[in-house]
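Note sheet for the following structure.
Numbers restart at 1 for each chain; the letters A, B, ... are given by sequence-line order, proteins then strands.
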2 protein chains.
Amino acid sequence: MSLKHAILVMLDQKPHSGYDLLQQFKESVGYFWNAKHQQIYRQLKILHDEELIAFQSEIQSGKPDKKIYAITQQGKDELLRWLKEPVATNKINDALLVKIYGADSAPIEDIASEIERHIEIHQNTLNYLLALEKKYLSLSSNEQLNFRYPYLTLRRGILGEEAWLRWAEEATQLFKK
Amino acid sequence: MSLKHAILVMLDQKPHSGYDLLQQFKESVGYFWNAKHQQIYRQLKILHDEELIAFQSEIQSGKPDKKIYAITQQGKDELLRWLKEPVATNKINDALLVKIYGADSAPIEDIASEIERHIEIHQNTLNYLLALEKKYLSLSSNEQLNFRYPYLTLRRGILGEEAWLRWAEEATQLFKK
DNA sequence: GATTAATATGCAACAAATTGCATATGGAGT
DNA sequence: ACTCCATATGCAATTTGTTGCATATTAATC
């Protein structure tokens, strides 16, 4: 759907290789977009065929060659078109909540330990995001201005994870009884 | 992946037709699972072929016939197996955040009005979920006990939407300037 | 009388995402 | 020497999800 546009947004900021994009999806922007490397490379090929992006091969000593992709004017046009268009709200499909909804049908300990496991993951994510926030807050106010929109998405991540963990407290309360 | 198991969970509570399931996905459990009718009917066919569910046709005066699906013993076994197995945390792909991340590239008013639009949708969702909560809280404590797990998923929805709206306040602050 | 909404189900084509496999190099650790 | 990890890219098959189309009835609205 809009992996295409997620990539265009990234490339509009600065050129990236497929591997770079993968790292971004795994690290900084992973809170709001995720994709596997196979999907990224395939999409890059499609975007290149559509002439929305272009690349230059970068020969690296040691490591394999990198293809550095940059957005073209046509790509910028397409991005602008998409940015102006309304997007649908997020479709939520949360398997953990499916499990909890059906918790009557399973041993309670299994569900409880599953929640424990997820709490740990979410706590780690939150810590990571808070560290990113700290880094942002230590920037000069001029630099902060440059990153205000990415920072806003980071805030979404932080508020989202905090809310998740508050919910998890309610959940563990229920499963303790 | 687990539309299959979402359906099994629902059918384990009580028999449903495909149309019933669709309504559930659109209404009560829509906060954590969504599917289109075509996908549901196809999955029901697959589950029936796998003998995880069985159905009885119900002749209705006026309306077309209904196929009422119920879970089989094999289905229950499969559900239990899945419930015991760890599930991956949610993959998040949020197009609105992609837009905001790339907000530098678009007219600020377009992004701002898009956020306004989403606020309205999330506010409506929250109101709907709060109404469901009110209904739950008016039940006798005995009935509440029966619905404690579905209620926990409802709490997730409420806390999630509240957090989203708090974030949106930060967002509108930023876009006002 | 004609249209629209709600109920009820489904096929077919297409798009998107996942899983499995495959290749290649260099550096670090055992 | 051997293995593992990070870097770097990609094809093919399968599964999952979306979009378009199709059908049939009743009740309500215009």
Given C:dA8, is OP1 or OP2 found less than 4.0 Å from the side-chain N or O atoms of B:K67?
no

Counting only side-chain N and O atoms of B:K66, is one of them less than 4.0 Å from OP1 or OP2 of C:dA8?
yes

Heavy-atom contacts under 4.0 Å between residues 16-25 of chain A and DNA chain D, which residues?
A:S17, A:G18, A:Y19

For atom CZ of A:F55 and atom C1' of D:dG10, their distance in whole Å
13 Å

Nearest-Å distance for atom pair CG/P, residues A:L44 and D:dG10
8 Å

Is B:K91 near enough to C:dA17 that one of its side-chain N or O atoms lies under 4.0 angstrom from OP1 or OP2?
no

Over 60° means perpendicular and under 30° means parallel, so classify the ring planes of B:Y151 and B:Y136, tilted if in between.
parallel

Interatomic distance, A:K36 NZ vs D:dT9 P [rounded to whole Å]:
19 Å

Grab the NZ-C1' distance between B:K4 and D:dT14 for me, whole Å please.
14 Å

Heavy atoms from C-beta onward define the side chain here; which of C:dA8, D:dT9, C:dC11 lies closest to that of B:Y41?
C:dA8

The nucleotide from C:dA8, D:dA8, D:dG17 with an atom nearest the side chain of B:L3 is D:dG17

Which whole-number value in Å describes the distance from A:I46 CD1 to D:dG10 P?
13 Å

Separation of C:dA16 C1' from A:K45 NZ (nearest whole Å):
16 Å

Check for me whether A:K4 meets the cation-pi criterion with A:W82, that is, NZ or CZ under 6.0 Å from the six-membered ring centre and within 45 degrees of the ring axis.
no

Rounded interatomic separation in angstrom, taking NE2 from A:H5 and P from C:dA15
15 Å

Does the side chain of B:D20 come under 3.5 Å of the side chain of B:Q24 through a donor N or O and an acceptor N or O?
no

Which sits closer to the 5' end of DNA chain D, A:Y69 or B:Q39, going by the nucleotide each is nearest to?
A:Y69

Flag if over 12 foreign heavy atoms under 6.0 Å of NZ, A:K84:
no

Ignoring hydrogens and angles, are the base of D:dG20 and the side chain of B:Q38 linked by a donor-acceptor pair under 3.5 Å?
yes

Could you tell me whether the side chain of A:R42 has a donor or acceptor atom within less than 3.5 Å of a complementary atom in the base of C:dA17?
yes

So with a 6.0 Å cut-off around CG of A:D49, is the heavy-atom count from everything else above 12?
yes

Report yes or no: is the cationic atom of A:K91 (NZ for Lys, CZ for Arg) under 6.0 Å from the centre of the six-membered ring of B:W33, at an angle within 45° of the ring normal?
no

Nearest of D:dT9, D:dG17, C:dG10 to any side-chain atom of B:H37?
C:dG10

Do B:H5 and B:E78 have side-chain N/O donor and acceptor atoms under 3.5 Å apart?
yes

Residue closer to the 5' end of DNA chain C, B:I68 versus A:Q43 (nearest nucleotide):
B:I68

Distance, rounded to the nearest Å, where B:N93 contributes CG and D:dT16 contributes C1':
14 Å

